[in-house]
Protein chains: 2
Amino acid sequence: MQKNMSTIKDVAKAAKLAVSTVSLALNNDPRVKESTRRRVLEIAQGLQYRPNGIARDLKARRTDTVCILLHDLGGPFYSELIRGVQDVATSNKYNTIASGTGGGHIGSAAVRLLSERRVDGAIILAPDVDDETIIHAAGKDLPIVVLDRNLLAENVYSVLVDNERGGYEVTKHLLNLGYRNIVFVCGPSDSLDSELRYRGYETAMNEFHVQKSKRFDYCGHFTEEGGYSIGKLLSAMGILPDAVFSANDEMAIGIMKSFIEIGIRVPEDVAVVGFDNIPISEYVQPSLTTVRQPMYDMGAVAAQFLFQALNGNSELQPVLLPTELIVRNSSQVK
Amino acid sequence: MQKNMSTIKDVAKAAKLAVSTVSLALNNDPRVKESTRRRVLEIAQGLQYRPNGIARDLKARRTDTVCILLHDLGGPFYSELIRGVQDVATSNKYNTIASGTGGGHIGSAAVRLLSERRVDGAIILAPDVDDETIIHAAGKDLPIVVLDRNLLAENVYSVLVDNERGGYEVTKHLLNLGYRNIVFVCGPSDSLDSELRYRGYETAMNEFHVQKSKRFDYCGHFTEEGGYSIGKLLSAMGILPDAVFSANDEMAIGIMKSFIEIGIRVPEDVAVVGFDNIPISEYVQPSLTTVRQPMYDMGAVAAQFLFQALNGNSELQPVLLPTELIVRNSSQVK
DNA sequence: TGTTATTTTTGAAACGTTTCGATTTTATGA
DNA sequence: TCATAAAATCGAAACGTTTCAAAAATAACA
């Protein structure tokens, strides 16, 4: 049975000093005599004393920690985002913790970290955290940066990726290559991303005076399986288009897989393009033409916003980050 | 300028009740009259009161949170691990936060979360957190599960993957296919994983009475670039083996890339196998034969250990999870 | 109505720190 | 040696909760 964790009181008692002196000593306050400090340090060491961070946070009314909330921690392309946040947070001497909002009671992670003020700031890329929660939690002393979300509120700042332009450019790429019958495969119907990418597609198609596919004809759930089914469906119904623009890479990969299985060649018979530039998009066969989102930048910019806000600057305009078209082999015969 | 967050005191004052009554009311204690509770709830709502989690944690001396410490949050194959942990933690009504140990001052994340007791338990897969820190932080009330680390200490529990057997099996697979001149490419010299995988390789080679490569001749840093250089080196020196067993997939992919670049065919000229079964290993060309680590199980088992320990069971023997050989095209002509 | 049992509310202490103003100790200068 | 300045230490309050024992209010019963 281990004895209880020793506290600053125990150290004080052992050193025959006041608690306050010990505290000062441990925090290297110049007011304590050098010899006392050394003695305190020694005794603290001997007692295996470790300050209790929670008590410290309570007193300080700050945690020096920011969090990043993701629906699915460890999703395929959050990695760079997290890195971006962490790099900036670290250089501002803040700690970063991440939490997934997916499992468990809905909103529990958000409530716990934000509403109950266990962090000093937050970056949120999680559609399942509702605006309400965010608006309520945000405050002068707890700025929140939302990613990929249309939300305008006090102490809430916004970083967006130009999904619409990305959709426009990749569609135009297809059109320039001569493809005309281009089908758009959308994601979940409540996905803003999917919607915006469609709008870009729409614009490009209009620009070329080409008839566009009805938006909601083909709808996966941003999953590879979803794409696979849609691919099967398209070919089974004998309505193969010239090209498919899938609202994300996972679905695009599923689509390609289904095509290839039944002997439809990509891109010779049908071109396929995706969106997101997830790591495997480079490795699938054929490699996937897609649109890169600047995930690292997104994280870094979001974190910078956070610290600007924490330093009192509340005049931060929403920023729109550019995407980048990445042409690979799924759209263009070598 | 936003006014200060309201506390339970403000609610009490507004309701003309004692703080303690309000606390009881908010926590649905049956001792408070129903009508009072409703009144309190209403007033709390009106004041936008949100309990301060830090104060609560301090008083309760527990956080209902466990953390998972990874060197590189968002690394390619942690995703499943995190999911495993989170699933189990959630079903035990605990929250999970994740933190990367890579950026920033070394050990800072670990110290902050573990030593300063901001969590009730931890799962650690991060070679850069040293044993010392773990041993010191661990306690009856803060069990720690270490993954892939040889560490035996009080309140520290261990979940391992049978790297040695994995190495043995994949080597045997090569030997059974007739390969004899098999080179082992190791990871960083301080990597236990790499070492164990080598031992499995050694055993298999001995079993077949084949001469094995010297262990430290070829050493990448578990990176694709490292593998690429080694591949170049091997071919440049004209000492191509029959097969290469790379201590992880990233390096294996780099090696294949370099081979293919200069016209060496995989697997016809040289077979390549890796370890870890990272997502893209399935998609590279040729697809990579590798060894799967049961990441989800690892996370789930680790979390289960944690909660067993939190519930007073300290008799948990280290567990060794089996690996699984995944044969793909990089080792075997179709 | 008075007594007792029950329900409801309360004040104070505690969790482990930091910080402030006050007090004690030591050093300084005449 | 004494007064004063400077250095070192101290005690108490505070951070925002929960909890415990006790007090107050209400209900039940004779």
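Residue numbers start from 1 in every chain, and the chains themselves are labelled A, B, ... in the order their sequence lines are given, proteins ahead of strands.
The neighbour count for Q45(A) CD, taken as heavy atoms of other residues, nucleotides or ligands under 6.0 Å away, does not exceed 12.
Put simply, CG on L24(A) is 12 Å from P on dA8(D), counting in whole angstrom units. What separates CZ of R31(A) from P of dT18(C) is a distance of 12 Å, to the nearest Å. Taking atom CZ on R61(B) and atom P on dT19(D), their separation rounds to 12 Å, with Å as the unit. Rounded to an integer number of Å, the gap from CG of L58(B) to P of dT18(D) is 12 Å. Distance CG (D29(B)) to P (dT7(C)): 13 Å, rounded to an integer number of Å. Atom CD1 in I8(B) sits roughly 14 Å away from atom P in dC15(D) (whole-Å rounding). One atom, CE of M5(A), and another, C1' of dC15(C), lie 15 Å apart when rounded to the nearest Å. Rounded to an integer number of Å, the gap from CG of L17(B) to P of dT7(C) is 20 Å.
Distances shorter than 4.0 Å separate some side-chain N or O of T36(B) from OP1 or OP2 on dT9(C). Regarding contacts with the backbone of dT18(D), a side-chain N or O of R56(B) is found under 4.0 angstrom from either OP1 or OP2.
Heavy atoms of R50(A) sit under 4.0 angstrom from primed sugar atoms or phosphate atoms, though from no base atom. Using a 4.0 Å heavy-atom distance criterion, K59(A) is classed as a base contact. At the heavy-atom level, N27(B) lies under 4.0 Å from the strands shown only through sugar-phosphate atoms. If you check every strand for non-hydrogen atoms under 4.0 Å, S20(A) touches a base.
With the nearest nucleotide of DNA chain C identified for both A18(B) and A60(B), A18(B) has the one nearer the 5' end. Residue whose closest nucleotide on DNA chain C sits further toward the 5' end, between T21(B) and V19(A): T21(B).
Checked for salt-bridge contact, R83(B) and D72(A) meet the test: a charged N lies under 4.0 Å from a carboxylate O. Ion pairing of R118(B) with D57(A) is present here, as a side-chain N (NZ or NE/NH1/NH2) and a carboxylate O approach within less than 4.0 Å.
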Audit row: I135(A), L151(A), side-chain contact (heavy atoms from CB on, under 4.5 Å) steps and yes/no: CA-CA 9 Å; I135(A) 295 173; L151(A) 176 58; 3.9 Å; yes

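Checked by atom type, the side-chain pair R39(A)/S35(A) shows no donor-acceptor distance below 3.5 Å.
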